[in-house]
Number of protein chains: 2
Amino acid sequence: MVVNSSSELTDDEVDRIFRALADATRRDIVRRTLAGEASVSELAGAYAMSFAAVQKHVAVLEGAGLVTKKPRGRERVVRGNPDAIRRAQRLLDAYEQIWRSRIDRLDALLDSTPSQQQ
Amino acid sequence: MVVNSSSELTDDEVDRIFRALADATRRDIVRRTLAGEASVSELAGAYAMSFAAVQKHVAVLEGAGLVTKKPRGRERVVRGNPDAIRRAQRLLDAYEQIWRSRIDRLDALLDSTPSQQQ
DNA sequence: GCTATTTACAACCATGTGGTTGTACGTTAC
DNA sequence: GTAACGTACAACCACATGGTTGTAAATAGC
């Protein structure tokens with residue numbers, strides 16, 4: 001899974017999260033496994049590609065911490081990880097924040113500057 | 001820029017947004033240009049790589065709609081696009097929603113099922 | 001115990017990515 | 001006008017990515 005225990009994410013971890021989300025098949029796997037767990041072969045049945053290809057997609061998601069995989073008999077049960085989604089949300093929130101604080105600075109500047117009438 | 005005018009994003013557009021965010025240098029460019037506009041050469045000065053490399057990163061961000069680039073004299077002024085960030089946030093919110101509705105379903109199931117005392 | 005199912009993993013291939021250098025061109029400054 | 005600056009773009013390289021097929025091993029079902 002390769003996920004830092006601290007609440008702070010390294011650049012590599014963030015890279016992996018966004019990289020993993022940058023593929024429609026993988027996003028669909030995340031959707032399915034957030035809605036309900038599924039085995040790798042169940043997932044593989046849903047896409048027009050080989051079992052091995054789906055297996056690789058699951059591995060990428062697992063490496064990013066977006067899903068977990070645990071053995072049950074001969075199957076591997078894949079489950080979406082809502083925490084990873086929330087971590088990604090927090091990252092985007094940070095960018096929003098940067099934007100807002102810029103606007104705030106500009107607003108403050110306008111407030112403190114007597115308007116120049118023309 | 002290559003951004004759909006409708007509020008719905010295509011798979012390719014989503015791919016480009018997440019792909020663009022999956023690189024630390026590009027995330028830093030987004031941060032800087034959300035905080036305040038910068039020319040390509042100003043950005044290039046901030047990283048230990050060639051001007052052309054930074055130029056490519058900016059192009060990737062522009063292709064994802066995460067920044068805009070407009071000419072000013074001989075410079076190209078790069079500006080972060082908060083709307084694209086918000087679009088990405090909405091995407092992640094959708095996954096959160098899937099998770100929540102699953103929990104809701106499970107809760108409802110538990111509520112409607114008489115508890116089995118042991 | 002056999003057979004079918006499910007997974008793991010290696011090897012391979014085409015294409016994409018992130019970096020480089022080099023060259024050309026428009027704009028600014030003097 | 002000329003030199004310096006900022007940008008664009010092509011060509012190239014190493015490596016990653018997304019797909020394939022094939023083989024082997026663990027588990028389940030009969």
Side-chain angles (χ1 to χ4, degrees), chain A residues 1-2 10-33 36-79, chain B residues 1-2 10-33 36-79:
Chain A
M1 213 219 286
V2 198
T10 67
D11 278 351
D12 279 354
E13 286 167 343
V14 179
D15 285 3
R16 278 196 293 268
I17 292 174
F18 284 129
R19 188 83 197 67
L21 290 171
D23 180 281
T25 302
R26 286 197 292 262
R27 285 192 300 275
D28 197 65
I29 292 175
V30 169
R31 251 176 256 134
R32 286 175 187 268
T33 57
E37 60 185 29
S39 73
V40 179
S41 53
E42 280 168 353
L43 291 172
Y47 308 103
M49 66 184 71
S50 69
F51 175 84
V54 174
Q55 219 177 5
K56 282 191 186 184
H57 280 308
V58 171
V60 170
L61 289 168
E62 200 184 8
L66 285 162
V67 306
T68 58
K69 202 170 51 166
K70 80 169 185 191
R72 187 168 61 195
R74 64 184 165 188
E75 295 184 331
R76 298 293 180 274
V77 177
V78 183
R79 200 179 304 233
Chain B
M1 214 218 286
V2 197
T10 67
D11 277 351
D12 279 354
E13 286 167 344
V14 179
D15 285 4
R16 277 197 294 269
I17 290 174
F18 284 129
R19 188 84 197 65
L21 289 172
D23 179 282
T25 302
R26 287 198 290 263
R27 286 193 300 276
D28 198 65
I29 292 175
V30 170
R31 252 176 255 133
R32 285 174 187 267
T33 57
E37 60 185 29
S39 72
V40 179
S41 54
E42 281 168 353
L43 291 172
Y47 308 104
M49 66 183 71
S50 69
F51 176 84
V54 174
Q55 219 177 5
K56 282 191 185 181
H57 282 307
V58 171
V60 170
L61 290 169
E62 199 184 7
L66 284 162
V67 305
T68 58
K69 202 171 51 165
K70 81 170 184 189
R72 187 169 62 195
R74 63 187 165 187
E75 295 184 331
R76 298 292 180 273
V77 177
V78 182
R79 201 178 305 231

Between B:A24 and A:D11, which heavy-atom pair has the shortest distance, and what is it?
CB-OD2, 3.6 Å
Given side chains that start at C-beta, do those of B:K70 and B:R76 come closer than 4.5 Å, heavy atoms only?
no
Working to the nearest 0.5 Å, report the span between CZ of A:R79 and CG of A:L66.
15.5 Å
Which residue, A:R72 or A:A48, contacts DNA chain D at a nucleotide closer to its 5' end, judged by nearest heavy atom?
A:A48
My understanding is that only one of B:R72, B:E42, B:R32 makes a side chain to side chain contact (heavy atoms under 4.5 Å, CB included) with B:E37; could you say which?
B:R72
Value in whole Å for how far the C1' atom of D:dT20 lies from CE of A:M49
12 Å
Rounded to whole angstroms, how far apart are CG on B:D15 and P on C:dT17?
10 Å
Between D:dG19, C:dT21, C:dC9, which nucleotide has the shortest distance from any of its atoms to the side chain of A:Q55?
C:dC9
Describe the nucleic acid contact of B:A44 in one word from base, sugar-phosphate, nothing, applying a heavy-atom distance below 4.0 Å.
nothing
Find the distance B:F51:CZ to C:dG22:C1' and express it as a whole number of Å.
14 Å
Nearest to the side chain of B:K69, which nucleotide is it out of D:dA8, D:dT7, D:dT20?
D:dA8
Decide yes or no, distance alone: a donor-acceptor N/O pair under 3.5 angstrom between the base of C:dT5 and the side-chain of A:R74.
yes
Quick one: B:K56 NZ to C:dT21 C1', roughly how many Å, whole number?
11 Å
Which of the following nucleotides, C:dT7, D:dG19, C:dT20, is nearest to the side chain of A:H57?
D:dG19
Nearest-angstrom distance from the residue atom CD of A:E75 to P of C:dT6
6 Å
